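The model shown is predicted, which means the values in this text are computed figures rather than measured ones. Just the heavy atoms: all of them, side chains too, but no hydrogens, waters or symmetry mates, feed the values below. Residues take their numbers from the sequence shown, with the count starting at 1.
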Amino acid sequence: MRYNFFYPMVSSRCFAFLLLAGLLVSVPAAWAAPNPVPNVVFITIDTLRADHLGCYGYKQIRTPNIDALAADGVRFERAYTPVPVTLPSHSVIFTGTYPLLSGMHDFAVNTLNPTQPTLASVLKEQGYNTGAVIAAAVLDSRFGLNHGFDFYYDHFDFNRLDEANLDEMERPGNLVADQVLEWLGQNSQKKFFLWMHLYDPHSPYRPPAPYSEEYKDRPYDGEIAFADAQVGRLIDFLKAKALYQNTIIVLTGDHGESLGEHGEKTHGFFIYNATLHVPVIIRLPGGASAKTVPELISLADLMPTVLQALKVDVPAQVQGRSLLPLMAPKNEEEARSLYAETFMPRLHFNWSELRAVETENYHFIDAPKPELYDLKKDPGETQNLYPQKKAVAEEMHAKLATLIREYSAGQELAEKTGLDPALMERLKSLGYAGFSGGGAPTITDRDLPDPKDRIETYELISDAIAASQHGQYAQSVEKLNAALKTEPASVPVHYLQGLNYYRLGEFAKSVDEFQQVLKASPDYALAAFHLGLAYARTGQVDDAIATYKRTLELDSTNFTAAYDLGVVYLQKNMTKEAGDAFLQSVTIADAYAPGHSALGQVLLSEGRVDDAIAELRKAAELAPQDPGTHVALAKALTAKGLTTEAQEEMRKAQEARPQ
């Protein structure tokens, strides 16, 4: 989707924890792990609809590499994600647990609990080299999925706030494949676990040539075809190095894409099968004749499947089930019910969350206006049968309640972590905007608006964010004003409007918008931070100081707020207080160059030359292209009598200045 929204909130409590037993069932001999121990490769392709691949019957695309993998492995016809959002979906894949236990409901300020076993951590304990190459900042290591990886190539620069650099937050598939092949070249002599993440099909759809021409009328398909080519590069490498035959390969999407179905352009807001249905292909060593599995499966099943194929014990917390019995010849399992959710409407707009259960025949969505679909007769989910089939709906609702109890724990495992404003701003390049406005994530309230009745407002807000991302702030203001006609008290809309007015230089209006936000949501740390910025711009220095202090009370990780507090202290000639604030900023984030530079200059003004030199050297090391830091360091070195070094810093300052 274009817009996953995250929020500065503490996750709520869930229910009693139930360990699942029976995962270590007998493994058919045909699927037993051979000797030597197999390697493991996971390929996750973001935003990939199963019905847009050739091997799933789509005729308008060429995906030869994925199709060939399917022909050499097992293709699952009805695989589903429990949550159509990138970070929580990948959390499901690599922990084998549902959001009710992991606490990863959304792209949020939560991070995966480091004590929770992941596929990487389990295989690392088994002696595997573990490596991952990530294509988007929404899976950055700070969110915890790096747990167990020796090598986790994210490397996104969150401090580059210039909107001209937005593409820095997404890595195209060819660059991902380059890093993957480089890592494999250095680590394939020993058994390895590799995860390759491809983000290209995620909106906006901008495939490179020649796919941009071949699929000019279907750019989403063009992105998929481009991703397929990168899959081919990896498969070709494995075959060339004689690694393919002894490697378990799993290819899956993390979620689908609505493409306008049900009024949703992308994903995350609804939980229809357009966004829940994903491809899953598993190839085990030794190969297999082409085989398809029609039974329902969940992405939570992938981790226990791989571990069982390797004859490695499955961690007790894992809630998915091994798929090996389904992959064995003539082996049928009892009918299954699958859980799904989206909390994005609740967490960010205070509209109702959605939860669902899917069986072989029916899909039930629990909402203020419940929905029931007969998937055999209506696979597109266009005819809500809830009014006509109340008995079936009640039975499905009972199944959903059972799943919620089964997958819940007394306390969700995810940990709260602060996200600095630089990160929040940069993530907008991927369509992720940081604002709050919702409630607790696991308490149902049927008095809240049904997302079905707010989809037009949601898409209007999404379009407004897109406009602001491209510097079209006036257009964004217009769209948000239209949204306010439906949602006049909307916290996120007023927050986004405050950002727009700030960027337009209408700081008084920005102050008014952020004040409205904080009146409705007093603990909204990011809104307080931006209110402080707006106060500073309007010359309300005392109000800015008080607001920055409040921001740091709400979020002690906001090093930018500490820095800006120091700046406004300097405006009042409160040098000591400014120095303390700058020190606080670098104590929170030691790699924050502006904080070190400002602290060094304050120390120099106080005559603490040696301390000033140390701070300014650190700043120059972190940001060598900042001429102001070099000039300040030159002054400090001159005060110390180090004339030659001072001249060298002035030379660096001159080189750093734009010509």
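- Here the two rings, on Tyr548 and Tyr535, have centers that are 6.0 Å apart or farther.
- Ring orientation note: the planes of His363 and Tyr373 are tilted relative to one another, at an angle of 30° to 60°.
- Ionic pairing of Asp463 and Lys265 is present here: one or more N-O contacts between side-chain nitrogen and carboxylate oxygen are shorter than 4.0 angstrom.
- Taking the six-membered ring where tryptophan is involved, the planes of His262 and Tyr272 are essentially parallel, since the angle between them stays under 30° and well short of 60°.
- The aromatic rings of Phe514 and His530 sit parallel to each other, their planes meeting at less than 30°, with 60° as the upper class boundary.
- Donor-acceptor pairing under 3.5 Å is recorded for the side chains of Ser476 and Asn500.
- Between Leu299 and Gly253, the shortest heavy-atom contact is CD1-O, 3.6 Å.
- For Thr81 (side chain) and Ser89 (main-chain N/O), no donor-acceptor pair under 3.5 Å exists by modelled atom type.
- Under 3.5 Å, the side chains of Lys509 and Tyr502 contain no donor-acceptor pair of N or O atoms.
- Side-chain contact of Gln475 with Tyr473: a donor-acceptor pair under 3.5 Å is absent, judged by distance alone.
- A donor-acceptor distance shorter than 3.5 angstrom exists from the side chain of Glu264 to the backbone of Gly268, with no hydrogens or angles considered.
- Crowding of Arg537 atom CZ: a count of heavy atoms from other residues, nucleotides or ligands under 6.0 Å not exceeding 12.
- Of the N and O atoms on the side chains of Gln497 and Asn481, at least one donor lies less than 3.5 Å from an acceptor on the other residue.
- Under the 30°/60° scheme for interplanar angles, the aromatic rings of Tyr215 and Tyr211 are found to lie parallel.
- Between Thr86 and Asp254, the side chains place a donor N or O and an acceptor N or O closer than 3.5 Å (distance only, hydrogens not considered).
- For the pair Glu371 and Lys452, the salt-bridge criterion is met [side-chain N within less than 4.0 Å of a carboxylate O].
- A side-chain donor from one of Asp221 and Tyr58 sits under 3.5 Å from a side-chain acceptor of the other.
- In the displayed structure, Glu456 atom CD is contacted under 6.0 Å by at most 12 heavy atoms of other residues, nucleotides or ligands.
- Checked against the 6.0 Å centroid criterion, the rings of Phe507 and Tyr501 do not qualify as a close aromatic pair.
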Evaluate the side-chain contact (heavy atoms from CB on, under 4.5 Å) criterion for residues Val357 and Leu338: first the C-alpha distance (whole Å), next the side-chain angles of each, then the deciding distance (0.1 Å), finally the verdict.
-> CA-CA 5 Å; Val357 59; Leu338 297 184; over 6 Å; no
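- Side-chain contact annotation: Tyr80 with Glu358, donor-acceptor N/O pair under 3.5 Å present.
- Side-chain polar atoms of Asp580 and Gln584 form no donor-acceptor pair below 3.5 angstrom.
- Between Pro370 and Asn384 the shortest heavy-atom distance is O-ND2, 3.1 Å.
- Looking at heavy atoms from C-beta onward, His105 lies out of side-chain contact with Met344 at the 4.5 angstrom threshold.
- Taking all atoms of both residues into account, the shortest heavy-atom contact from Pro449 to Asn350 is CD-O, 3.8 Å.
- Tyr98 and Tyr407 have parallel rings, their planes meeting at less than 30° on a 0 to 90° scale where 60° marks the start of perpendicular.
- With 3.5 Å as the limit, one finds no donor-acceptor pair spanning the side chains of Glu223 and Tyr199.
- Shown are Asp46, Val176, Ile45; of these, the side-chain contact (heavy atoms from CB on, under 4.5 Å) with His197 is made only by Asp46.
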